[in-house]
Amino acid sequence: MSLTTFATRRPVRIALACAAMATLAACGGRERPRADLAAAQVNTIGVNSYLWRAALDTVAFAPLLQADSAGGVIVTDWYANPTNPNERVKVTVTILDTDLRADALRVVASRQVAQGGGWVEAPVQAATVQKLEDIILTKARELRRQTLAS
């Protein structure tokens with residue numbers, strides 16, 4: 001590029017830079033829009049916060065192995081009910097979306113029974129997993145209603 005070409009383009013570049021800065025300055029108004037905290041899509045933690053809190057509350061009976069709010073995964077460790085120590089369960093809850101919707105939630109449960117001094121895999125009834133999902137969704141909706149009321 002010649003010195004003459006560079007010198008003639010310099011004022012144009014300065015003018016464009018000033019125009020861009022003026023445009024950006026107009027975006028910085030003092031009033032920010034108020035967020036609706038009770039919206040169905042609250043995701044400051046990476047997933048829907050109502051589903052996250054409800055899922056944590058629901059699986060609180062078992063010790064947590066992993067809880068990743070950014071990825072929306074909760075994994076419990078094995079839990080044996082004191083009234084039935086020959087059976088234990090492990091639950092994984094995955095929140096798949098930022099919206100409070102039924103299809104934004106997946107629950108997987110594993111079950112083992114004691115046999116011959118060790119643990120053997122056993123089937124989990126589909127109704128058990130469905131019941132856990134229903135409990136989480138009901139709690140999440142209730143949390144949302146409480147937020148709307150306050």
Side-chain angles (χ1 to χ4, degrees), residues 9 12-150:
R9 288 189 180 172
V12 172
R13 288 183 181 172
I14 292 173
L16 285 174
C18 289
M21 289 190 331
T23 303
L24 288 175
C27 294
R30 292 179 186 240
E31 234 180 277
R32 292 183 176 260
R34 296 183 64 178
D36 179 11
L37 294 178
Q41 187 179 38
V42 177
N43 57 355
T44 57
I45 58 172
V47 295
N48 184 279
S49 64
Y50 301 123
L51 284 173
W52 180 255
R53 289 188 347 214
L56 283 175
D57 287 350
T58 302
V59 299
F61 64 89
L64 286 181
L65 197 58
Q66 175 187 354
D68 176 15
S69 63
V73 177
I74 300 169
V75 181
T76 70
D77 203 355
W78 290 104
Y79 169 76
N81 187 337
T83 62
N84 188 8
N86 293 327
E87 178 180 282
R88 66 183 188 174
V89 294
K90 183 176 190 173
V91 179
T92 301
V93 178
T94 308
I95 301 170
L96 304 167
D97 200 350
T98 56
D99 288 331
L100 176 52
R101 301 181 338 190
D103 62 351
L105 179 69
R106 181 176 57 218
V107 175
V108 177
S110 299
R111 179 176 162 252
Q112 293 181 341
V113 293
Q115 257 183 9
W119 293 100
V120 178
E121 293 294 322
V124 177
Q125 293 181 356
T128 302
V129 172
Q130 184 63 46
K131 183 69 174 170
L132 283 170
E133 288 179 354
D134 290 345
I135 291 169
I136 293 170
L137 287 167
T138 301
K139 283 185 180 190
R141 290 180 187 122
E142 182 59 34
L143 288 168
R144 183 173 183 267
R145 270 193 292 280
Q146 289 172 357
T147 303
L148 276 171
S150 60

Problem - Value rounded to 0.5 Å, distance of CG in Asn86 from CG in Asn84 - result: 6.0 Å
Handout entry: Inter-residue atom distance Asp99.CG - Leu105.CG, 0.5 Å rounding
Key = 13.0 Å
Practice task
With the side chain counted from C-beta on, respond yes when Ile136 and Val107 share a heavy-atom pair under 4.5 Å apart, and no when they do not.
Solution key: yes
Fill in the blank from the handout: When rounded to the nearest 0.5 Å, the distance separating CD of Gln66 from CG of Asp77 is 12.0 Å
Handout entry: Which atom of Val113 lies closest to which atom of Ala122, heavy atoms considered
Key = CG1-CB, 4.1 Å
Exercise for the section: Report yes if some heavy atom in the side chain of Tyr50 is under 4.5 Å from a heavy atom in the side chain of Thr147; otherwise report no. Expected result: yes
Handout entry: salt_bridge(Lys139, Glu142) N-O dist < 4.0 Å
Key = no
Exercise for the section: Taking the side chain as every heavy atom from C-beta outward, state whether Val108 and Thr94 have any atom pair closer than 4.5 Å. Expected result: no
Problem - Gln125, CD: over 12 other non-hydrogen atoms inside 6.0 angstrom - result: no
Practice task
Would you confirm whether Thr76, through its side chain, and Val91, through its main-chain N or O, come within 3.5 Å as a donor-acceptor pair?
Solution key: yes
Exercise for the section: List the atom of Ala109, the atom of Val129, and the distance in Å for their closest heavy-atom pair. Expected result: CB-CG2, 4.0 Å
Completion exercise
Between Leu96 and Asp103, the two heavy atoms sitting closest are CD1-O, 3.9 Å
Practice task
Kindly indicate, with the supporting measurements, whether the criterion side-chain contact (heavy atoms from CB on, under 4.5 Å) is fulfilled by Ile74 and Trp52.
Solution key: CA-CA 9 Å; Ile74 300 169; Trp52 180 255; 3.4 Å; yes
Problem - Test item: Val93 and Thr58 side chains (from C-beta on) under 4.5 Å apart, heavy atoms - result: no
Handout entry: Pairwise side-chain contact, Leu65 with Lys90, heavy-atom cut-off 4.5 Å (strictly under)
Key = yes
Handout entry: CZ/Arg145: more than 12 non-hydrogen atoms of other groups inside 6.0 Å
Key = yes
Exercise for the section: In plain terms, say whether Asp97 and Arg101 are close enough for a salt bridge, that is, a side-chain N and a carboxylate O under 4.0 Å apart. Expected result: yes
Exercise for the section: Could you tell me whether a side-chain N or O of Thr128 sits under 3.5 Å from a main-chain N or O of Val124, the two making a donor and an acceptor? Expected result: no
Problem - Residues Glu87 and Arg111 bridged, charged N to O under 4.0 Å - result: yes
Handout entry: Beyond-backbone contact of Pro63 with Trp78, side-chain heavy atoms, under 4.5 angstrom
Key = no
Practice task
Enter the distance from Arg144:CZ to Leu51:CG here, rounded to the nearest 0.5 Å.
Solution key: 11.0 Å
Handout entry: Ala54 to Ala140 - nearest heavy-atom pair and separation
Key = CB-N, 3.4 Å
